[in-house]
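Working notes for the structure below.
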Amino acid sequence: MNKIQSSAIALMSVDSVLSSEVEVLHSCFQFFSSATMAGRAGTFSLSGSLDSQIEGLDGESLITSLQSQLKSLQDRVKELEIENARLSSQISNCRCYKIEGNSDCSVVSRGNSVEESAKLQAGSDVEGPISIQGGSSDERSENAGHMEATKSINGTKKKSREKTEGCNMKTLHHCAKRYVALKIMYFGQRFYGFASEAQMDPTVESEIFKALKQTKLLVGDKEDLQYSRCGRTDKGVSSVGQVISLFLRSNLKNIGMHVNNEENAPSDICEEEIDYVRVLNRVLPKDIRVIGWCPAPTDFHARFSCISREYKYHFWRGNLDLSAMEMAGKKFIGEHDFRNFCKMDAVNVHNYRRRVTSFDISTCNERSESDQIWEIIIKGSAFLWHQVRCMVAVLFMVGQGLESPNVIDILLDTTMTPRKPQYAMAPELPLVFHSCEFEGLNFICSPDAMKALREHLKNEYQTYRLKAAIFHEALLICLSATNVSDGSPLNYTKKKKAVHVPLTSRPTEPSYEERRAKLKLRE
């Protein structure tokens with residue numbers, strides 16, 4: 001990009017000089033013609049503004065001097081024309097210049113539709129099924145045309161796109177931008193958590209930023225984005241209401257940097273804005289979707305501005321005693337020290353008091369022949385690392401009759417139980433980060449984007465139901481089998497039940513104070 005700017009500045013300078021030299025040359029031609037005619041007639045007289053070096057010359061000498069200066073100027077003009085052509089060729093052949101000319105940055109300045117630009121990017125970098133998802137046949141044909149156009153601009157080699165990716169980001173520094181909150185859902189089974197900081201791929205966050213770069217919605221460098229997220233879900237955990245916030249490119253040039261809240265962003269302005277949901281969902285993988293966006297004030301922080309968070313944990317009822325589980329779960333309500341219900345991080349976390357505002361157990365619509373899915377719903381202001389999964393694990397022990405509901409009181413009393421008993425957390429797959437609440441944020445989604453989103457989710461739901469039907473068919477075949485390889489009847493032999501050791505009698509982990517003392521010894 002710096003090369004382009006330097007070349008452009010040089011070209012402007014050359015153009016300016018060239019224009020001046022041409023004007024001088026034109027004046028000289030007029031002067032030469034007048035001088036030649038006057039010199040030959042002997043009537044030529046010099047004005048006071050002429051160069052003193054030629055003052056006093058006779059007509060023939062003056063003509064010779066002017067011819068010499070004229071030739072010098074002609075040579076100089078030729079040199080400048082050659083330099084002009086070289087710089088013009090250099091800029092026109094530069095890929096960064098081509099991309100900048102065709103980027104969405106120009107869309108903002110010319111008022112064209114940004115969705116078309118997103119299609120262009122999707123066509124060049126994403127496989128067909130993702131880039132045209134949710135679109136009509138007309139959109140698909142338009143997308144195919146954009147793909148061909150992109151090939152002609154960007155070439156066919158992937159290395160070329162990667163080589164200029166950094167340049168593409170820098171070309172958007174001068175675009176209009178606004179601070180935006182995005183509501184996101186994802187199915188977490190294949191991801192190593194939400195955050196990208198653990199150096200494990202893929203993560204939900206890394207896929208989101210790939211989509212943001214691909215659609216050219218990022219403005220400036222990552223440090224300028226003011227990025228924040230509401231929660232850091234673990235590996236395998238899903239969400240239908242995660243929220244992130246950051247600066248994104250805007251179609252509205254006159255949107256104020258500090259006037260971004262919903263009160264100052266009426267619906268007619270939002271209609272003129274980029275359809276962030278539709279643009280991003282065209283390029284995101286099928287297990288991640290943006291479900292809404294909202295203008296946000298620039299002092300908004302997705303983590304620290306959050307009023308409350310809600311988690312849901314799904315489970316098959318089986319033979320669990322739900323009334324005992326609910327009785328135990330109600331003991332979590334209020335502000336308590338949850339150090340015995342989390343994975344302790346003594347390096348970064350020093351306050352383990354958290355407030356749970358509500359607890360409930362309710363049924364879901366999904367069921368099989370003899371069982372039904374239920375869900376544990378826990379709402380609070382904030383949660384510790386693995387807190388919900390540890391709470392659910394103890395509740396399952398209560399539901400199985402292995403522990404009394406009073407064990408919750410014992411574990412919440414850190415004076416009586418300063419060290420956490422060793423027990424396994426509940427599995428991660430059924431856990432869903434359901435929602436997070438903010439004051440003054442009203443997420444919106446255009447009708448077109450909502451229609452495409454519903455169609456996508458319906459297709460995904462039906463796909464998973466088909467997979468479940470296949471597994472169910474296999475299960476029925478196994479259940480109907482009457483013989484095994486040795487010819488004996490199929491008898492289900494249960495594994496010997498492991499003897500349950502009460503939580504209060506189990507080995508314990510080091511307390512917070514012991515962990516801190518150990519850390520100080522290492523310093």
Side-chain angles (χ1 to χ4, degrees), residues 99 102-105 107-108 112-151 153-154 158 160-162 164-166 168-169 171-172 175 177 180 182-188 190-191 194 196 201-219 222 225 227 239 242 244 246-251 273-293 445-446 448-457 459-460:
I99 292 171
N102 291 280
S103 69
D104 292 339
C105 184
V107 175
V108 175
N112 294 335
S113 170
V114 72
E115 284 83 353
E116 295 179 3
S117 177
K119 287 180 186 177
L120 179 62
Q121 296 305 318
S124 62
D125 295 321
V126 182
E127 293 180 1
I130 296 178
S131 63
I132 62 175
Q133 197 152 13
S136 63
S137 58
D138 292 337
E139 291 173 333
R140 285 193 287 270
S141 60
E142 182 183 359
N143 200 49
H146 280 304
M147 290 173 66
E148 293 301 322
T150 308
K151 285 183 181 179
I153 294 172
N154 294 344
K158 188 175 181 181
S160 300
R161 287 198 298 268
E162 295 173 350
T164 58
E165 184 176 357
N168 295 347
M169 288 289 293
T171 59
L172 301 181
C175 291
K177 63 180 180 179
V180 169
L182 299 177
K183 183 179 284 188
I184 298 165
M185 66 152 296
Y186 50 89
F187 184 56
R190 75 179 181 93
F191 297 109
F194 183 84
S196 301
D201 274 327
T203 64
V204 179
E205 202 170 66
S206 65
E207 294 294 333
I208 291 171
F209 270 90
K210 285 178 186 177
L212 289 169
K213 289 179 182 179
Q214 193 169 328
T215 53
K216 299 196 184 301
L217 289 176
L218 296 179
V219 180
K222 195 168 184 179
L225 297 179
Y227 172 76
S239 175
Q242 173 74 276
I244 64 172
L246 72 170
F247 275 106
L248 294 181
R249 182 161 54 82
S250 172
N251 269 347
E273 185 55 281
I274 296 171
D275 192 344
Y276 297 109
V277 177
R278 188 175 177 87
V279 169
L280 285 169
N281 284 345
R282 281 200 178 108
V283 299
L284 282 167
K286 62 183 181 180
D287 45 6
I288 303 176
R289 278 296 177 272
V290 178
I291 58 178
W293 75 276
C445 182
S446 70
D448 289 342
M450 180 56 70
K451 180 181 177 182
L453 180 61
R454 287 174 178 169
E455 187 67 26
H456 170 76
L457 294 177
N459 291 339
E460 289 297 298

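Positions are given from 1 along the sequence. What you see is a predicted model; the values in this text were computed from it and never measured.
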So how far is it from [X] [atom1] to [Y] [atom2], rounded to the nearest 0.5 Å?
{"X": "R249", "Y": "E273", "atom1": "CZ", "atom2": "CD", "result": "9.5 Å"}
{"X": "L217", "Y": "I274", "atom1": "CG", "atom2": "CD1", "result": "5.5 Å"}
{"X": "I244", "Y": "L212", "atom1": "CD1", "atom2": "CG", "result": "6.5 Å"}
{"X": "E455", "Y": "L457", "atom1": "CD", "atom2": "CG", "result": "10.0 Å"}
{"X": "L225", "Y": "K177", "atom1": "CG", "atom2": "NZ", "result": "8.0 Å"}
{"X": "T203", "Y": "R190", "atom1": "OG1", "atom2": "CZ", "result": "10.0 Å"}

Check whether S206 reaches the backbone of S196 with its side chain - one donor and one acceptor, N or O, closer than 3.5 Å.
no
Taking R289 for its side chain and L453 for its backbone only, find out whether a donor-acceptor pair lies under 3.5 Å.
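No, R289 side chain to L453 backbone: no donor-acceptor pair under 3.5 Å.
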Validation row: [X], [Y] side chains within 4.5 angstrom (heavy atoms):
{"X": "H456", "Y": "N281", "result": "no"}
{"X": "L218", "Y": "Y227", "result": "no"}
{"X": "V204", "Y": "Q242", "result": "no"}

Please assess F187 against E460 for the test side chain to side chain contact (heavy atoms under 4.5 Å, CB included), listing each intermediate value before the final yes or no.
CA-CA 11 Å; F187 184 56; E460 289 297 298; over 6 Å; no
Using side chain to side chain contact (heavy atoms under 4.5 Å, CB included), reason through Y276 and S446 one step at a time and then give a plain yes or no.
CA-CA 9 Å; Y276 297 109; S446 70; over 6 Å; no
Please test F247 against V219 for side chain to side chain contact (heavy atoms under 4.5 Å, CB included), starting from the C-alpha separation and ending with a verdict.
CA-CA 7 Å; F247 275 106; V219 180; 5.7 Å; no
Of all residues at least two apart in sequence or in a different chain, which pass the salt bridge (charged side-chain N to carboxylate O under 4.0 Å, His left out) check with K451?
none
Tell me, please, which residues at least two apart from R454 pass salt bridge (charged side-chain N to carboxylate O under 4.0 Å, His left out).
none
So, using ring-ring contact (aromatic ring centres under 6.0 Å, His included) as the criterion, who are the partners of F191 when residues are at least two apart?
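Result, ring-ring contact (aromatic ring centres under 6.0 Å, His included) vs F191: none returned.
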Walk me through whether L248 and L182 qualify under side chain to side chain contact (heavy atoms under 4.5 Å, CB included).
CA-CA 10 Å; L248 294 181; L182 299 177; 4.3 Å; yes
So, using side-chain contact (heavy atoms from CB on, under 4.5 Å) as the criterion, who are the partners of A211 when residues are at least two apart?
L280, V283, L284
Exercise: identify the closest heavy-atom pair between E207 and P202:
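Closest approach of E207 to P202, heavy atoms only: OE2-CB, 3.8 Å.
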